[in-house]
Peer 1: 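Can you read through this structure? Questions will come right after.
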Amino acid sequence: MAKDLEMGYLLDFYGDVLTEKQREMLRQYYNDDLSLSEIGENFGITRQGARDAIKHGENALKELEEKVGFAARYRRVQQKLEELEQMVIDARFECTGPQGLTTTEYEHQLTKMLKLIRSIDEANES
């Protein structure tokens, strides 16, 4: 299942580099969960022809990701932004809660956020 999610993600990210036919076959296979026979029927080709076209499209997407790595880089940045968002939510709650944060605790939270922001640049570069 994870492999299907990964391919669906690569299709969303790089799908425009494929031919319209390849993109649609991959979309039907991964997003619509159609069988190879159904896809072959939709395109007027054999089951084997559908399989070959899908494999060719998969290989093109994987090769592109290996070369440029934009999808993985985007995911890393998104993960860091989600972490940062949660830290801000937590800090806002702690600042407005009944106990409140001390200046030292507040400084510690801001330092953690700053480190996370800086790590976004590192994630984007790797």
Side-chain angles (χ1 to χ4, degrees):
M1 184 62 172
K3 187 176 181 179
D4 289 352
L5 290 175
E6 177 68 17
M7 191 53 61
Y9 188 77
L10 292 178
L11 180 59
D12 288 344
F13 207 86
Y14 297 116
D16 288 343
V17 302
L18 300 174
T19 66
E20 188 175 330
K21 186 176 179 180
Q22 282 178 321
R23 186 172 48 250
E24 183 58 22
M25 284 185 176
L26 282 157
R27 189 193 65 73
Q28 288 182 14
Y29 187 72
Y30 285 103
N31 297 352
D32 298 342
D33 200 29
L34 296 183
S35 70
L36 294 173
S37 297
E38 291 170 318
I39 294 168
E41 188 175 306
N42 290 344
F43 286 89
I45 59 176
T46 65
R47 177 191 180 287
Q48 184 63 40
R51 181 191 176 283
D52 292 346
I54 289 169
K55 287 296 178 193
H56 182 74
E58 289 173 348
N59 289 337
L61 294 176
K62 288 175 186 176
E63 186 176 304
L64 186 58
E65 176 60 9
E66 286 175 16
K67 286 181 180 178
V68 297
F70 289 151
R73 199 172 302 153
Y74 179 80
R75 272 190 296 236
R76 287 191 303 269
V77 169
Q78 286 302 111
Q79 180 183 7
K80 298 290 184 183
L81 289 172
E82 288 172 13
E83 289 176 39
L84 181 59
E85 179 182 29
Q86 189 58 53
M87 290 173 87
V88 170
I89 290 168
D90 292 347
R92 185 172 60 189
F93 175 77
E94 290 169 1
C95 287
T96 59
Q99 302 299 319
L101 289 176
T102 66
T103 304
T104 304
E105 291 168 331
Y106 189 67
E107 180 183 1
H108 179 70
Q109 284 293 97
L110 292 175
T111 301
K112 283 175 32 181
M113 288 179 210
L114 185 57
K115 284 180 183 178
L116 190 55
I117 290 169
R118 288 180 177 151
S119 75
I120 290 171
D121 279 340
E122 294 168 8
N124 196 30
E125 292 173 0
S126 59

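Values below: every heavy atom of this structure, side chains too, minus hydrogens, waters and symmetry copies.
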Peer 1: Between the main-chain N or O of A60 and the side-chain N or O of Y14, is there a donor-acceptor pair closer than 3.5 Å?
Peer 2: no

Peer 1: Measure the spacing between OH of Y30 and CG of L5 and express it to the nearest 0.5 Å.
Peer 2: 10.5 Å

Peer 1: With sequence neighbours left out, which residue pairs that include part of residues 63-91 fulfil the ring-ring contact (aromatic ring centres under 6.0 Å, His included) condition?
Peer 2: F13-Y74

Peer 1: Taking side chain to side chain contact (heavy atoms under 4.5 Å, CB included) as the definition, give me every residue that meets it alongside N42, ordered by chain and number, with sequence neighbours left out.
Peer 2: Q28, L34

Peer 1: How close do D16 and R23 get, counting heavy atoms only, and between which atoms?
Peer 2: CA-NH1, 3.6 Å

Peer 1: Charged N to carboxylate O under 4.0 angstrom, K55 versus E58?
Peer 2: yes

Peer 1: Can you tell me how far the CD atom of E24 sits from the CG atom of L18, to the nearest 0.5 Å?
Peer 2: 11.5 Å

Peer 1: With rounding to the nearest 0.5 Å, note down the distance linking CD in Q86 to CD1 in I89.
Peer 2: 5.0 Å

Peer 1: The criterion is side chain to side chain donor-acceptor pair (under 3.5 Å); which residues satisfy it with E38, sequence neighbours excluded?
Peer 2: S35

Peer 1: Holding to salt bridge (charged side-chain N to carboxylate O under 4.0 Å, His left out), I want the full list of residues that pass it with D32, two or more places apart in sequence or in another chain.
Peer 2: R27

Peer 1: Of all residues at least two apart in sequence or in a different chain, which pass the side chain to side chain donor-acceptor pair (under 3.5 Å) check with S37?
Peer 2: none

Peer 1: Could I get the full list of side chain to side chain donor-acceptor pair (under 3.5 Å) partners for R47, not counting sequence neighbours?
Peer 2: none

Peer 1: Tell me the ring-ring contact (aromatic ring centres under 6.0 Å, His included) pairs involving residues 31-63, sequence neighbours left out?
Peer 2: none

Peer 1: What's the separation between atom CE in M87 and atom CD in Q109, rounded to the nearest 0.5 Å?
Peer 2: 5.5 Å

Peer 1: Using side chain to side chain contact (heavy atoms under 4.5 Å, CB included) as the criterion, list what pairs up with T46, not counting sequence neighbours.
Peer 2: Q48

Peer 1: So, do L110 and L114 sit near enough that their side-chain heavy atoms are less than 4.5 Å apart?
Peer 2: no

Peer 1: Mind checking what makes side chain to side chain contact (heavy atoms under 4.5 Å, CB included) contact with E41, not counting sequence neighbours?
Peer 2: none

Peer 1: Considering only NZ, NE, NH1 and NH2 on the basic side and carboxylate oxygens on the acidic side, decide whether R75 and E6 come within less than 4.0 Å.
Peer 2: yes

Peer 1: Nearest 0.5 Å, please: how far is CG in L36 from CG in D52?
Peer 2: 9.5 Å

Peer 1: Considering all heavy atoms of both residues, which atom of I117 and which atom of L84 are nearest to each other, and what is their separation?
Peer 2: CG1-CD2, 3.5 Å

Peer 1: Any side-chain to backbone donor/acceptor pair from E65 onto A71? Under 3.5 Å, distance only.
Peer 2: yes

Peer 1: Got a sec, which residues hit side chain to side chain donor-acceptor pair (under 3.5 Å) with K21, two or more places apart in sequence or on another chain?
Peer 2: none

Peer 1: Identify the heavy atoms of I39 and I54 that sit nearest to each other, and give their distance.
Peer 2: CD1-CD1, 3.9 Å

Peer 1: For the CZ atom of R118 and the NZ atom of K115, what is their distance to the nearest 0.5 Å?
Peer 2: 9.5 Å

Peer 1: Using the side chain to side chain contact (heavy atoms under 4.5 Å, CB included) criterion, which residues pair with E63? Sequence neighbours excluded.
Peer 2: K67

Peer 1: How close do A50 and G40 get, heavy atom to heavy atom, and via which atoms?
Peer 2: CB-N, 3.9 Å

Peer 1: Evaluate the side-chain proximity of L26 to N31: yes if any heavy-atom separation is below 4.5 Å, no if none is.
Peer 2: no

